[in-house]
Amino acid sequence: TLEITIAMPGVAIEDVDVHVDAAERELLSQDVYARAPHAVAAVARPRTVAGLRELVARCAAAGTPLVPRGGGMSYTRGYVSEAPAPVIAD
């Protein structure tokens, strides 16, 4: 279990892998044709439904935008957030 240190300092979530390395955040801040104005703060990969539920609850409580990525093949800005420092659920 890692912490979402950028978006939610000090928050560790069981059953969620969280990545904050710059290359991955940069990659997941764009779709096929568009790039977000801000890089995502973290990439969260829930391993269970309970982990996803907790991720959603904590992001909501912290006021942190949470963007679902889905298959990652959008070309319509489907998961490209205009909000600064969102967490992307991949």
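Just so it is clear, the model here is predicted, and its values are computed rather than measured.
The shortest non-hydrogen separation linking A85 to T64 is O-CG2, 4.0 Å. Nearest heavy atom pair, residue V20 against residue A41, reads CG1-O, 3.8 Å. The two atoms that bring A44 and P46 nearest to each other are O-CD, 3.5 Å, heavy atoms only.
Qualifying side chain to side chain contact (heavy atoms under 4.5 Å, CB included) partners for R53, counting only residues two or more places apart in sequence or in other chains: V49, A50.
The CG atom of L66 sits 7.5 Å away from the CG atom of L52 when rounded to the nearest 0.5 Å. Atom-to-atom distance recorded for E54:CD and D15:CG is 10.0 Å, nearest 0.5 angstrom. Rounding to the nearest 0.5 Å gives a distance of 12.5 Å between CG of L55 and CZ of R45.
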